[in-house]
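All remarks here apply to the structure that follows.
Throughout, protein chains are lettered first and strands after them, A, B, ... in sequence-line order, and every chain is numbered starting at 1. Excluded from the calculations below are hydrogen atoms, water molecules and symmetry mates; all remaining heavy atoms, backbone and side chain alike, are included.
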Protein chains: 4
Amino acid sequence: MIKKPVITLAAGPVQGYPEVLQAMAQPLGYDYDPSFLAFYEEVAKKCATAMRVKDPALIIQAEPAVAIEAAAASLISRQDVVLNLASGVYGKGFGYWSARHHKEMIEIEVPYNEAILPDAVEQAFKERPDISIVSMVHHDTPSGTINPLVEIGKIVEKHGALLLVDAVSSFGGMDVHPGDCHADVFITGPGKCLGGTPGVTFMAISEAAWAHMEANPDSPRASILSLLDWKNAWRRTEPFPFTPSVAEISGLSAAIDLYLAEGPEAVWRRHALTAKACRAGVRAMGVELWAASEAIASPSTTSIRVPDGLTDSRIIETVRNDYGVMLSIGRGETLGKLLRIGHMGPTAEPIYAVVAVAALGGALSKLGFSADPAAGVAAAMAVINDAVA
Amino acid sequence: MIKKPVITLAAGPVQGYPEVLQAMAQPLGYDYDPSFLAFYEEVAKKCATAMRVKDPALIIQAEPAVAIEAAAASLISRQDVVLNLASGVYGKGFGYWSARHHKEMIEIEVPYNEAILPDAVEQAFKERPDISIVSMVHHDTPSGTINPLVEIGKIVEKHGALLLVDAVSSFGGMDVHPGDCHADVFITGPGKCLGGTPGVTFMAISEAAWAHMEANPDSPRASILSLLDWKNAWRRTEPFPFTPSVAEISGLSAAIDLYLAEGPEAVWRRHALTAKACRAGVRAMGVELWAASEAIASPSTTSIRVPDGLTDSRIIETVRNDYGVMLSIGRGETLGKLLRIGHMGPTAEPIYAVVAVAALGGALSKLGFSADPAAGVAAAMAVINDAVA
Amino acid sequence: MIKKPVITLAAGPVQGYPEVLQAMAQPLGYDYDPSFLAFYEEVAKKCATAMRVKDPALIIQAEPAVAIEAAAASLISRQDVVLNLASGVYGKGFGYWSARHHKEMIEIEVPYNEAILPDAVEQAFKERPDISIVSMVHHDTPSGTINPLVEIGKIVEKHGALLLVDAVSSFGGMDVHPGDCHADVFITGPGKCLGGTPGVTFMAISEAAWAHMEANPDSPRASILSLLDWKNAWRRTEPFPFTPSVAEISGLSAAIDLYLAEGPEAVWRRHALTAKACRAGVRAMGVELWAASEAIASPSTTSIRVPDGLTDSRIIETVRNDYGVMLSIGRGETLGKLLRIGHMGPTAEPIYAVVAVAALGGALSKLGFSADPAAGVAAAMAVINDAVA
Amino acid sequence: MIKKPVITLAAGPVQGYPEVLQAMAQPLGYDYDPSFLAFYEEVAKKCATAMRVKDPALIIQAEPAVAIEAAAASLISRQDVVLNLASGVYGKGFGYWSARHHKEMIEIEVPYNEAILPDAVEQAFKERPDISIVSMVHHDTPSGTINPLVEIGKIVEKHGALLLVDAVSSFGGMDVHPGDCHADVFITGPGKCLGGTPGVTFMAISEAAWAHMEANPDSPRASILSLLDWKNAWRRTEPFPFTPSVAEISGLSAAIDLYLAEGPEAVWRRHALTAKACRAGVRAMGVELWAASEAIASPSTTSIRVPDGLTDSRIIETVRNDYGVMLSIGRGETLGKLLRIGHMGPTAEPIYAVVAVAALGGALSKLGFSADPAAGVAAAMAVINDAVA
């Protein structure tokens with residue numbers, strides 16, 4: 001058996017909050033028991049409260065990648081012209097799912113350390129007023145970069161297209177809600193900034209998006225890829241299309257409770273502060289941020305460029321072996337190019353920025369890169385001191 | 001808040017074993033942490049041990065219905081002639097999934113309180129030697145009836161077709177393994193007889209089935225419906241196609257550990273005894289079993305016909321309100337016609353047959369049906385006494 | 001490893017409520033952390049709310065027997081004349097603790113299946129107006145009998161003596177509070193009717209009792225037997241005399257929360273109904289209750305006399321082996337003479353009366369006693385039906 | 001509600017291991033259930049294995065301070081001349097308990113930042129060959145200093161006296177066992193270096209010590225202070241004197257399992273390394289260690305002197321508020337003079353030395369002490385690097 005890390009600072013799945021873990025251990029029950037039906041309805045409403053929308057959330061019984069695939073399948077019809085905004089692996093990936101369903105796709109792609117420019121979106125609409133759906137990732141986790149969702153949302157709304165947003169690893173860690181950005185399909189889950197498990201997803205869907213799905217003759221039914229199947233499943237009077245993941249619902253409920261009890265603003269603040277301290281620390285060690293500018297660096301993930309001459313796997317192994325700290329590597333196109341430090345849920349606490357910087361710096365030094373962990377720690381702590389002064 | 005039932009005797013999701021629930025509360029971690037990669041591999045092998053197959057199990061990150069949909073999508077090609085055996089709601093339902101992929105389907109359908117006859121399968125092959133895939137449900141849970149899987153498996157093997165078996169609610173509760181029945185795709189999960197959660201699935205897949213999928217140009221990729229994506233994901237050296245449900249994997253591991261530690265034969269024995277006592281009890285009260293004969297009644301679910309003049313919902317509400325016991329209703333075609341008493345995992349204990357019979361009898365009496373709970377309890381206890389004498 | 005019972009219907013320790021168990025799994029912390037100090041204070045106040053007293057409860061970091069020994073040591077001085085009321089093993093036992101400290105003890109002892117008569121207490125005061133302390137057990141668990149606490153409390157108050165009450169296994173299961181019975185030292189814990197763990201105790205202590213302890217020069221200090229040491233420990237500003245049992249405090253908190261949330265009256269009602277159904281059931285099988293009259297039989301424990309020719313251990317083993325149900329045996333003087341069925345916390349549910357009666361009846365029949373389990377179950381169910389009609 | 005700290009680095013109670021916490025959530029059961037009786041026996045044996053003694057451990061159902069009081073009461077008779085070795089608050093405190101029982105006490109007291117010298121013990125025996133019992137604390141937690149137990153043990157053995165050792169916060173964190181030091185009463189618990197809960201204790205008692213207790217007419221009986229009552233309680237055939245703390249036994253079992261599975265030597269090594277790194281870090285910041293020399297500084301607690309002009313409470317509050325890290329203050333005589341950083345169980349990991357040094361340094365700087373956290377971190381990391389190189 002391999003010893004578990006002492007501290008996991010991955011970009012998800014994250015260390016869960018203890019209350020979430022305890023909730024997962026609640027006795028299981030029959031999904032049609034009146035107490036579960038009422039609980040499920042309550043959880044759907046609670047998720048809506050967290051997302052600041054009116055209608056109960058759509059809960060999908062699988063991890064967010066499944067929900068996004070299902071959203072593509074359900075929403076995009078053979079008549080749709082999709083504008084896909086790709087600033088990272090996940091954004092690019094959506095295009096492949098879209099391709100199974102759309103009539104045509106226009107793609108704006110930027111280097112994976114940059115963000116989509118709102119002007120480019122505006123321009124795309126100018127060229128192709130027939131764009132009916134815009135799809136984007138708010139925080140492309142494999143890059144650790146944030147797209148200007150609110151600005152883009154306004155443009156999409158103005159042009160009357162539907163906006164599908166993957167906010168899986170941003171929601172709960174920063175100020176983003178479906179209403180703020182005019183999202184028609186807003187997808188998130190408890191497994192990142194909410195400090196829950198990755199096995200379930202919740203979404204906010206606008207009336208326009210439901211109508212679009214209902215009008216789409218190819219929108220799946222009797223399938224895990226069907227959103228329509230689950231539209232009314234939150235109602236205690238309606239059957240479930242298939243068995244919900246009862247334990248995951250308990251965990252989701254606890255995660256939302258914690259978020260609302262602490263206060264969203266307080267939660268966002270500690271995500272932002274941890275990331276800021278972390279960035280200051282890594283830069284002070286001469287390590288380059290992956291993000292082209294700090295302005296687009298995520299509050300929930302700090303990505304750094306793998307220094308020349310080193311490999312991601314050697315660094316990550318050294319950090320783990322020497323300090324017991326687990327960081328994330330890249331994914332797809334970013335694999336091998338960057339490392340990621342997660343600031344999500346329970347690890348979005350400034351002291352973990354210090355931990356990450358110290359452990360990373362120690363490992364880099366050992367591997368021959370001239371990092372000064374002490375300088376990194378000092379810089380990270382200076383940010384924290386400023387914030388609490 | 002609605003008070004939870006005192007005892008859940010549903011046909012799934014079941015009350016979980018305490019050890020499974022505790023395992024769900026284990027700290028979450030990064031899926032690419034070496035300790036998780038090793039653990040995942042170990043769990044896949046452990047599931048194989050339980051299924052008595054050589055290759056590590058295929059673990060699907062969603063509930064079994066999703067895995068079955070995925071199996072249909074992955075296995076069945078446009079060249080396949082599928083023989084679908086429908087003795088219940090789930091068996092029938094598979095046909096709809098098959099229809100999305102197959103060239104043609106032949107269906108043997110029997111009333112939903114009967115079992116498929118092996119002779120009928122033999123006959124089907126005689127008429128249509130081009131049948132390439134046979135699909136069946138071992139225990140059609142909404143009916144509580146068992147099909148003669150071993151006999152049918154021999155026939156299918158003889159004719160060189162592939163056999164896809166849904167053993168979700170039979171495996172772990174009776175003597176059934178992929179090898180015994182020559183199954184090529186054998187689907188089960190921890191959420192029924194293993195006393196685990198419903199949010200994950202594991203499967204055994206034969207080399208022939210893998211080859212068939214690989215040769216199927218329409219077998220999904222980059223999709224929750226893809227089995228091929230996950231073929232090698234059990235290896236600690238291979239990436240996961242998407243984030244595994246880390247907590248569910250912990251729960252699955254604990255469920256398998258319990259099964260193997262208690263000893264499969266002992267586990268099957270208490271399922272069988274509980275069901276036998278339950279059937280004796282309900283019959284002694286003048287209540288009719290749903291299954292056409294006791295021989296095909298499931299050891300993990302006892303289904304009874306809703307007595308004339310009563311409704312399933314009134315009975316189930318009364319059982320719950322008066323005795324705190326939760327039973328299951330039917331599903332689809334069987335909804336309204338039967339009630340189901342689960343004997344699965346921790347509730348596959350003879351005393352729960354007594355509980356079920358007493359509570360059901362009490363409720364039926366109250367609602368005007370001339371049941372004698374005392375006679376039912378006496379009959380159930382006589383079965384138990386015989387067994388332990 | 002010995003298989004655990006399926007259902008534990010012991011007279012304590014009881015099956016805990018799931019919420020209590022989950023609370024026990026909360027991360028531990030430093031006892032002087034401000035969050036724990038505040039939590040401890042909150043728990044002490046919550047216990048007071050449950051006991052319907054004004055001052056925060058005294059929490060003792062050990063099981064109730066320790067707290068009772070400590071209460072004897074702390075309260076009883078060399079000047080005290082103690083009237084000890086002994087209607088069972090625990091009541092009698094208190095006398096031995098008292099003997100270490102008192103000047104003199106008068107004892108009223110009745111057969112252990114009877115209750116103390118208030119008149120006898122009145123008479124004792126007449127004969128010995130110098131009685132300064134009266135000690136009694138409300139529910140003498142090894143007998144399953146209840147003493148008339150309220151009536152006796154009035155007499156004690158009238159005569160100006162202090163009343164020390166062991167309400168460990170009655171509080172939370174019936175309508176009893178320190179104020180109702182004028183108790184000066186009222187001892188209870190979460191491990192019985194509150195469905196918690198046995199490792200912690202909470203008490204209500206009157207000002208007069210504190211004054212008596214403070215005036216007692218032999219009242220222990222710097223000792224687990226000291227109540228005075230802990231008098232102010234509930235205040236977040238005061239130190240703990242020694243390390244509190246942090247996990248037990250979490251469990252206690254959850255147990256009280258559940259009690260208050262369900263509503264004390266509802267909790268008492270299900271204890272009373274379960275016990276009533278159980279008594280009806282055992283009597284219908286020709287089994288004799290231990291209590292001399294139903295009026296003094298406890299709502300939280302049903303004690304039955306071991307039938308002639310049988311032994312307690314054979315019966316209890318048979319009940320466990322054949323039905324997976326665990327009952328309690330007697331203790332001290334009652335050991336070998338009676339069996340006990342607990343109705344405490346989560347097992348104070350009528351269906352468990354049915355379980356107990358069926359399993360007990362089955363075992364007795366097997367061992368040669370002419371019990372008719374069916375008649376027992378019918379009688380138990382008749383009581384339940386009457387109640388829910 | 002006050003937010004819990006992010007990381008607790010207290011000198012106990014400690015953050016528990018997750019496996020211990022999960023074990024605490026196991027369903028409770030009747031203490032006389034055969035499965036619990038067998039489990040209790042197994043746990044007593046497992047504790048003996050960990051302590052490397054032959055006889056099953058004595059498990060005491062309360063925190064170690066209670067067990068030590070009980071040991072004093074049980075062992076020390078009116079004929080005993082006790083040599084009490086006081087190098088700290090706990091050592092000194094034992095003398096007060098001894099005083100209730102002994103004939104006479106000789107005390108060797110050293111300043112609370114120093115250790116007892118073996119020569120002084122030798123000298124005491126020379127002067128008073130009638131010393132029959134020697135009592136000492138191995139690691140006086142409120143000082144964070146270690147006494148030379150093995151050397152002293154040899155002297156005590158040579159002179160034929162009994163040795164009573166409080167090893168509560170050293171056992172499990174360093175190489176110390178009853179046999180190594182000839183201890184007759186060796187007291188420890190899971191709540192410190194074993195990463196368990198503080199509510200239970202286990203002990204190793206020599207035959208000579210048992211004989212001494214049995215010959216002591218004042219050795220308590222029918223009391224929480226009685227060790228003799230529990231002597232044989234580990235046997236599944238023997239009754240418990242009072243109800244054991246069932247949940248705590250489960251937690252204890254899990255803590256011992258983890259210790260044995262990881263390997264004691266590995267556990268000690270990470271305690272030692274963490275403490276060494278911590279000491280290097282604090283010294284590099286110009287902070288003075290409390291221990292007079294590094295040689296006597298504990299591997300499980302680093303104590304530092306409160307810098308002139310600062311107060312312990314201001315420092316500890318600042319560390320907690322600014323960094324979410326909770327440290328310990330002193331106790332009794334050491335209160336106000338020192339701060340303590342715990343390295344116990346799950347926090348005995350080098351990265352936590354970095355955390356402690358950084359957070360402490362940051363707080364000290366803020367409060368005006370010229371600490372350089374970066375230098376501290378660098379020094380701590382240098383120790384870690386040396387160890388893993």
Side-chain angles (χ1 to χ4, degrees), chain C residues 1-5 8 10-16 20-39 61-66 69-70 93 96-97 191 196-200 222-225 241-248 251 317 320 326-329 342, chain D residues 1-5 8 10-16 20-39 61-66 69-70 93 96-97 191 196-200 222-225 241-248 251 317 320 326-329 342:
Chain C
M1 218 163 85
I2 297 169
K3 192 181 165 182
K4 290 188 180 175
T8 292
V14 300
Q15 296 189 172
V20 171
L21 302 178
Q22 287 153 33
M24 297 292 284
Q26 277 177 15
L28 302 169
Y30 183 39
D31 50 347
Y32 284 99
D33 189 273
S35 66
F36 184 78
L37 293 169
F39 176 62
Q61 311 299 320
E63 84 110 328
V66 174
E69 183 189 358
Y96 303 122
W97 283 330
T197 60
V200 72
S223 172
I224 175 69
L225 295 179
F242 59 80
T243 308
S245 305
V246 287
E248 303 278 354
E317 276 169 34
R320 192 184 190 285
M326 188 67 202
L327 307 180
S328 286
I329 48 175
Chain D
M1 219 163 83
I2 297 168
K3 193 179 166 183
K4 290 187 180 176
T8 292
V14 301
Q15 295 190 172
V20 171
L21 302 179
Q22 287 153 34
M24 297 291 284
Q26 276 178 15
L28 302 169
Y30 183 38
D31 50 348
Y32 284 98
D33 189 274
S35 66
F36 184 78
L37 293 168
F39 176 63
Q61 311 299 319
E63 83 111 327
V66 174
E69 182 189 0
Y96 304 122
W97 281 331
T197 62
V200 71
S223 172
I224 176 69
L225 296 180
F242 59 80
T243 308
S245 304
V246 288
E248 302 279 355
E317 276 169 35
R320 192 184 190 284
M326 188 68 203
L327 307 179
S328 286
I329 48 175

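Residue contact with chain C, scored on non-hydrogen atoms closer than 4.5 Å, involves the backbone of D:Val14 exclusively. Within the 4.5 angstrom heavy-atom criterion, no atom of C:Pro64 approaches chain D. Of the atoms belonging to C:Leu37, not a single heavy atom falls under 4.5 Å from chain D. Within the 4.5 angstrom heavy-atom criterion, no atom of C:Glu317 approaches chain D.
Contact record, D:Tyr30 with C:Gly12: CD1-O, 3.5 Å, taken as the closest heavy-atom pair. The two residues D:Val200 and D:Glu248 have their closest heavy-atom pair at CB-CB, 4.0 Å. Nearest heavy atoms, C:Arg320 versus C:Lys3: NH2-O, 2.8 Å. The two atoms that bring D:Ser35 and C:Ile2 nearest to each other are CB-O, 3.5 Å, heavy atoms only.
Residues C:Met24 and D:Thr197 are not in side-chain contact: their nearest non-hydrogen atoms beyond the backbone lie 4.5 Å or more apart. When side chains are defined from C-beta on, D:Phe36 does not count as touching C:Pro13, because their heavy atoms never get closer than 4.5 Å.
Heavy-atom pairs under 4.5 Å with chain C peak, among D:Pro27, D:Pro198, D:Gly93, at D:Pro198. Ranking C:Ala10, C:Gly251, C:Ala25 against chain D, the residue ahead of the rest is C:Ala25, based on heavy-atom pairs under 4.5 Å. Each of C:Gly29, C:Ala62, C:Ala38, C:Ala65 has some count of heavy-atom pairs under 4.5 Å with chain D, and the biggest count is that of C:Gly29. Taking chain D as the reference chain and counting heavy-atom pairs below 4.5 Å, the highest number among C:Thr8, C:Val66, C:Thr243, C:Val246 is found for C:Thr243. Contact tally against chain D (heavy-atom pairs below 4.5 Å) for C:Gly16, C:Ala222, C:Ser245, C:Ala247: the top residue is C:Ala222. Each of D:Ser328, D:Gly199, D:Gly191 has some count of heavy-atom pairs under 4.5 Å with chain C, and the biggest count is that of D:Ser328.
Applying the side chain to side chain donor-acceptor pair (under 3.5 Å) rule to C:Ser223 yields the partners D:Glu69; only residues at least two apart in sequence or on another chain are considered.
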